[in-house]
Amino acid sequence: MTMIRVENLKKSFGNLEVIKDMSTVVEEKEVICVIGPSGSGKSTFLRCLNRLEEITGGHVYIENVDITDPKVDINQIRQDVGMVFQQFNLFPHKSVLENVVLAPMKVKKSDRKASEQKAYELLDKVGLREKAKAYPGELSGGQKQRVAIARALAMDPKIMLFDEPTSALDPEMVGDVLDVMKQLAREGMTMVVVTHEMGFAAEMGDRVLFIDGGYIVEENVPKELFGNPQHERTKAFLSKVL
Amino acid sequence: MQRAGVRCIFLCKGDRCMDTIVNAFPYLMEGLQVTLYIFAIAIVFGFLIGLVVALFRLAPLKILNWIAKIFVDAIRGTPFIVQLFFIYFGLNSLDFISLDSTTAGIVTVAINAGAYFSEIIRAGIQSIDKGQTEAARSLGLNSTQNMRYVILPQAFRRMLPTITNQAIISLKDTSLLSVIGVADLTQEGRIQASATFDAFNVYLILGIIYFVIIYLLSMLASFVERKFVLR
Ligand SMILES: Nc1ncnc2c1ncn2[C@@H]1O[C@H](COP(=O)(O)OP(=O)(O)O)[C@@H](O)[C@H]1O
Ligand SMILES: [Mg+2]
């Protein structure tokens, strides 16, 4: 089943044309890694997939629903599309547990008991059950990011979007977060991951997209894209980061 | 009621200060009750006005932005006493409006505080990192839920010192209501000053009472602040 279909996506900020023309398809249970130079529009591309950015042109279908249609209930769509941010964006005034149960309780109207039970299961999964009553300010970066993942998973999303989830972390914390993501991938979550972790992309990616200049320059299985890049720009980028 | 203070001056000339206190104090306490009553109602409505105007100001609809901006500019650009006269004398001169002085006073203080509160609340909302809204919206919260559960609770913690400041200014503004005859603390002070022929001591006591109330208000605010400190 096709989870995401991007057709001739365009996105401008004023006169700045960040995404000129991008098309791709993400099937169920696929892990797609997005790489590219800084400022090339990776975050913008990802944010168009749940319409955090208003889309300038083209179409994005989430499970065959065109989210560029103004009549679509975007809040409904977003319940199926979890997102994890580089800067975590936990709610600092709420405990870890309250962060995780907020959306299930307020959006899905599930009762507190069921929401908390689910939250504890998810915190177990990311290894942070004992931090349930802590506040985000008391956590390390790696712990914050794992809470953010649990918070997104609490809505039972069918797709997870990750925007450089390990870029703001101290090196010793990166592994814990990547482990959680790998486990999620193995469990069959459909994932789109913007990352600079080429190791993760090579190991977990079903496909890797290389973005530059407003286009998807190259899209291939990691072995081919990393081992045998076809385009000059891909080669130049990889020679810098590998 | 008998002007006890007047009689007293003849009775105990040597100990004027104590007499003034003893005689004027009950009247001042009555005035204080009126002041606190007016302040409490006006500040609650002022806050609600401020919240609505701030949300208008930040709404996606241009017409709402304009209404909010005109309101705030009008209040900020005119003296409190003129606003008071406009509402009490101006509006009352219309056939279909009849406000007693206390009501007119409450309305004026509430509207005036509302304009200043709205600017404080707007700045507070805008000071919250955009990532908070993005996280909330990506979880499926609509914009109202985002405001209510994510943005406003954080913004209020941040705004508390400025809100307290404005509340103190509004409390002091209520003393101007004596000009239209509201029997507030300042009005009682004026009456007692002439009744006791001891303006020095009456106004000194009046100042001390305002000072103590404002001091307690600040203490309450910093207690609340410490209790809800942003983690
Ligand atoms: N809200 C915005 N307003 C204006 N320009 C933006 C905005 N968001 C991103 N941009 C610009 O779009 C380009 C791509 O940004 P981004 O998608 O964040 O790149 P990447 O994630 O690949 O580093 C950059 O030039 C950035 O300055
Ligand atoms: Mg980015």
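A, B, ... follow the sequence lines: proteins, then strands. Residue 1 opens every chain.
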Hey, can you pull the donor-acceptor pairs under 3.5 Å for the side chains in residues 32-59 of chain B, sequence neighbours left out?
| from | atom 1 | to | atom 2 | distance (Å) |
| --- | --- | --- | --- | --- |
| B:T35 | OG1 | B:G31 | O | 3.3 |
| B:T35 | OG1 | B:L185 | N | 2.9 |
| B:R57 | NH1 | B:E119 | OE2 | 3.2 |

Crowding at CG, B:L61 (>12 non-hydrogen neighbours, <6.0 Å): yes
Residue pair A:R47, B:E134: steps toward the side chain to side chain contact (heavy atoms under 4.5 Å, CB included) verdict: CA-CA 10 Å; A:R47 294 153 60 84; B:E134 292 176 354; 2.8 Å; yes
Spatial distance of atom CE (A:M105) from atom OH (B:Y149) [nearest 0.5 Å]: 9.0 Å
B:M219 atom CE: more than 12 heavy-atom contacts under 6.0 Å: no
B:F223, CZ atom: more than 12 neighbouring heavy atoms under 6.0 Å: no
For chain B, which residues of residues 148-158 of chain A have heavy atoms nearer than 4.5 angstrom: A:R151, A:A152, A:M155
Whether over 12 other heavy atoms sit under 6.0 Å from B:F89 CZ: yes
B:K69, NZ atom: more than 12 neighbouring heavy atoms under 6.0 Å: no
Over 12 non-hydrogen atoms of neighbours within 6.0 angstrom of CD in B:Q126: yes
Atom OH of B:Y203: over 12 foreign heavy atoms under 6.0 Å: yes
Chain B contact residues among residues 69-91 of chain A, heavy-atom distance under 4.5 Å: A:N75, A:R78, A:Q79, A:V81, A:M83, A:F85, A:N89, A:L90, A:F91
Heavy-atom proximity to chain B below 4.5 Å, by part of A:K94: side chain
Interatomic spacing from CG in B:L152 to NE2 in A:H93 - rounded to 0.5 Å: 9.5 Å
Atom NZ of A:K108 with >12 non-hydrogen neighbours under 6.0 angstrom: yes
Heavy-atom pair of closest approach, residues B:L139 and A:A103: CB-CB, 3.8 Å
Chain B contact residues among residues 121-129 of chain A, heavy-atom distance under 4.5 Å: none
